[in-house]
There are 2 protein chains.
Amino acid sequence: MADTGNEFSFEVVRTCPVTGARAGVLTTPHSVVETPVFMPVGTQATVKTMSQQELEAIDVRIILGNTYHLYLRPGPDLVREAGGLHEFMGWKRSLLTDSGGFQVFSLNDLRKIDREGVTFRSHIDGSSHLFTPERVMEIEHDLGADIIMAFDECIPYPATREYVTKSCLTTGEWAERCSGTHAKLNDGSQVLFGICQGSVYPDLRENVARRLVDMDFWGYAIGGLAVGEPKKHMFEMIEVTNAVLPRKKPRYLMGVGFPDDIVEAVSRGVDMFDCVMPTRNARNGTVFTRHGKVVLKNAHQARKFVPIDPECQCPVCRNYTKAYIRHLFQTGEILAPRLATLHSIYFYVTTMREMRKAIIENRFPEWREEFLSTYRNEDKSDEF
Amino acid sequence: MADTGNEFSFEVVRTCPVTGARAGVLTTPHSVVETPVFMPVGTQATVKTMSQQELEAIDVRIILGNTYHLYLRPGPDLVREAGGLHEFMGWKRSLLTDSGGFQVFSLNDLRKIDREGVTFRSHIDGSSHLFTPERVMEIEHDLGADIIMAFDECIPYPATREYVTKSCLTTGEWAERCSGTHAKLNDGSQVLFGICQGSVYPDLRENVARRLVDMDFWGYAIGGLAVGEPKKHMFEMIEVTNAVLPRKKPRYLMGVGFPDDIVEAVSRGVDMFDCVMPTRNARNGTVFTRHGKVVLKNAHQARKFVPIDPECQCPVCRNYTKAYIRHLFQTGEILAPRLATLHSIYFYVTTMREMRKAIIENRFPEWREEFLSTYRNEDKSDEF
């Protein structure tokens, strides 16, 4: 796969003097990614319903693939034979793979967690598999994403202090083993992020973060949040962790989230995000706009011969009406989830871009206030 | 809807001196359509899996909508309120609507056919409806396609000579009633095609065609073929009908078909085609190429890291491999039917364009021979 010729780098170009918001530039061999950035989720080597050309056209610079799913189908050997995930899926820009931790810990037929790793059953055919830190590094190396994630234990919420303490020790050990294996396998085409866990215990979060900082990862993720805990805990944990993480390295809040939560997390110094929210909700007929959510399937949309958002410049709002998209949902047409997904990803991407511009122009607090008051006034979203 | 400012016209610009193949230009207020042309089927105001922008990008000039389906959902009133089907679905080029005849005669819960019309039950909610020639003209007028079709009785195959004789009388009467209603409703924005039936009885086909020619329709369709009759009958019926139809008017063979059948029908003087073949087969994982069909779901595609057809210039073959598309089918991803559909429509569109060029350059018989020998040698289709 032709790449940009760039080496990996990350630079914070501006920090908001009032909040902790940062505007940065993350460069990989495949693209320049301006942060804060939202990464659409491409679980099975495709952002559901989208083509790679559509994502490029709305200026998506990086997408995420799920190691668990790609390990099962088509398998890391096949992806390696294809020349890696970029080549396999025909995506020329940056890629990040998660570690599979979130998925294997979500499985019901999870058999065994020990210090060695996790034995689990495939959700497809029930076959038994073992993920260890070493094996996950091999798989992510075969997949060949630009950014790869260490294998961690995702702690469900709520969890006792005792359980979290023990789990954090395991995650720390696994992070070290990942780091060691990555050092052996890496040819310079990938960088590894560590994942900070710790549930909602500030001191445990702080300890894990310190331990991972000592291991000198290229970047850091905050994991185990947005799993059911109250939002104030989520934001507190972000603050505690970011206070420890080095300022010069990228920070990635995994699995978040709603547009307003992303704005709040950016305010606290987070640079990278991923979430199935815009894509999954879109397939169910709900899209995001400046004015909050719009439910396209609702009967009252039947004669709304206007775009989802008349001010939106996305390819959907420039060409289609809510009445038409509602008809497509009613009749079960594939174009329905396509248009809804494209609109919502565009909304996320442009919101991140506006946010970044506001940070650079030293007006992030004002932008945030305006965005949140408009966004949270959902009553307006269907008034067009 | 902005239109081209053109009036309706049809001109045969070249006729093959050896075969009956014609190259023509059909102009509507919405686009210039070069014939022979294949019209992708957009049953429910969408060519399944495609966006209107994708169809424009591969130079589709006209698509078809199904009156039966659009009558049930979203309903002709809603489409009229939207400003017509072009406006409703955001398609700026030409549209043709069928008459619903084929669908209502395919329904199992068909209640009653008489000279007045057809009473049928909706496949969606079982509600009862009456289609008469007058009602169908009203519906097609509300839908507002450029080209609309008269309401006919689609005769199943096989049918007795007695049944067909009687049915042809009905179709003739209905054609007159359609013509009369169209004359009243039409404001110059639509043209009406008559549909020649007659099953596989050459003399009945000839009689019906003569009767319809006397009614002076703007264009003529050949219906009731490709419904299970032997191919030689199909081609004979095309020949019999085209011998009667006026040379200066467009001829549309409804529901056909396979690429090689289209070539044979063009050889016999047909100008327009529609069929669900490329789109429906694509959704099931089979695409068309110069070398015949390719089954993308097959296990042996798993490691074919090459395009469907390396010489194809379509957006799919320029960006994706068979291995990737097979993976998408395996995992049930929406991008799978999207890519397969886009490739197959592109193949049909470009084949029609090549065919037209060959007619204009007086080398259609040679082109036909080469195309058919390559196309029918399917063994080669998976050798890339």
Side-chain angles (χ1 to χ4, degrees), chain A residues 42-57 69-70 72-75 77-79 81-83 85 87-92 124 279 283 302-307 315-321 323-339 341-342, chain B residues 42-57 69-70 72-75 77-79 81-83 85 87-92 124 279 283 302-307 315-321 323-339 341-342:
Chain A
T43 299
Q44 303 189 117
T46 167
V47 175
K48 286 187 190 301
T49 83
M50 293 288 95
S51 76
Q52 278 65 299
Q53 287 68 46
E54 280 170 314
L55 295 170
E56 273 194 33
H69 289 95
L70 295 169
L72 293 177
R73 293 187 303 198
D77 292 353
L78 192 146
V79 174
E81 269 183 60
L85 195 52
E87 192 79 26
F88 177 64
M89 64 185 286
W91 174 250
K92 296 174 180 61
I124 300 165
T279 42
R283 294 197 304 283
R303 289 178 148 78
K304 293 280 173 73
F305 302 116
V306 289
V316 182
C317 290
R318 282 190 284 108
N319 290 290
Y320 303 97
T321 65
Y324 179 62
I325 303 172
R326 193 243 174 198
H327 161 73
L328 296 175
F329 272 111
Q330 285 295 107
T331 50
E333 290 285 356
I334 282 178
L335 187 55
R338 280 190 58 181
L339 296 181
T341 301
L342 184 55
Chain B
T43 299
Q44 303 190 116
T46 167
V47 175
K48 286 188 191 298
T49 82
M50 292 289 95
S51 76
Q52 279 64 299
Q53 288 66 48
E54 279 170 316
L55 295 170
E56 274 192 32
H69 289 96
L70 295 169
L72 294 177
R73 293 186 303 198
D77 294 354
L78 191 146
V79 174
E81 268 183 60
L85 195 52
E87 192 78 28
F88 177 63
M89 65 186 285
W91 174 249
K92 295 174 180 61
I124 299 164
T279 41
R283 296 197 300 285
R303 289 179 148 77
K304 293 281 172 74
F305 302 116
V306 289
V316 181
C317 290
R318 282 190 282 108
N319 289 291
Y320 302 98
T321 65
Y324 179 62
I325 303 172
R326 193 244 174 197
H327 161 73
L328 296 175
F329 272 111
Q330 285 295 107
T331 50
E333 290 285 356
I334 282 179
L335 188 55
R338 280 189 59 182
L339 297 181
T341 301
L342 184 56

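Chain identifiers are assigned alphabetically (A, B, ...) following the order of the sequence lines, protein sequences preceding nucleic acid strands; residue numbering begins at 1 within each chain. Model, not experiment: these values are computed from the prediction.
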Spacing of CD belonging to A/Q44 relative to CG belonging to B/L335, to within rounding of 0.5 Å
12.0 Å

Which answer fits A/L342, side chain, backbone, both or neither, if we ask what part of it has an atom under 4.5 Å from a heavy atom of chain B?
neither

Using heavy-atom distances under 4.5 Å, tell me whether A/A45 contacts chain B through its side chain, its backbone, both, or neither.
both

Heavy-atom pairs under 4.5 Å with chain B - which of A/P337, A/S51, A/A302 has more of them than the others?
A/S51

Could you tell me which non-hydrogen atom of B/Q52 sits nearest to which non-hydrogen atom of A/Y324, and how far apart they are?
NE2-OH, 3.0 Å

B/A336, part contacting chain A, at a heavy-atom distance under 4.5 Å:
neither

Side-chain donor or acceptor of A/H327 paired with backbone N/O of B/M89 under 3.5 Å
no

Considering only heavy atoms, which portion of B/L72 lies under 4.5 Å from any heavy atom of chain A: side chain, backbone, both, or neither?
neither

With a 3.5 Å cut-off and no angle check, do the side chains of B/Q53 and A/N319 form a donor-acceptor pair?
yes

Between the side chains of A/E333 and B/R73, is the shortest nitrogen-to-carboxylate-oxygen separation below 4.0 Å, so that they form an ion pair?
no

Between the CG atom in A/D77 and the CZ atom in B/R303, the distance rounded to the nearest 0.5 Å is 6.5 Å

Supply the atom-to-atom distance A/T331 OG1 to B/L70 CG, rounded to the nearest 0.5 angstrom.
9.5 Å

What part of B/F305 lies closer than 4.5 angstrom to a heavy atom of chain A: side chain, backbone, both or neither?
side chain

Among B/V47, B/L78, B/I334, the residue with the most heavy-atom pairs under 4.5 Å to chain A is B/L78

Relative to chain B, which segment of A/F88 carries a heavy atom at a distance below 4.5 Å: side chain, backbone, both, or neither?
both

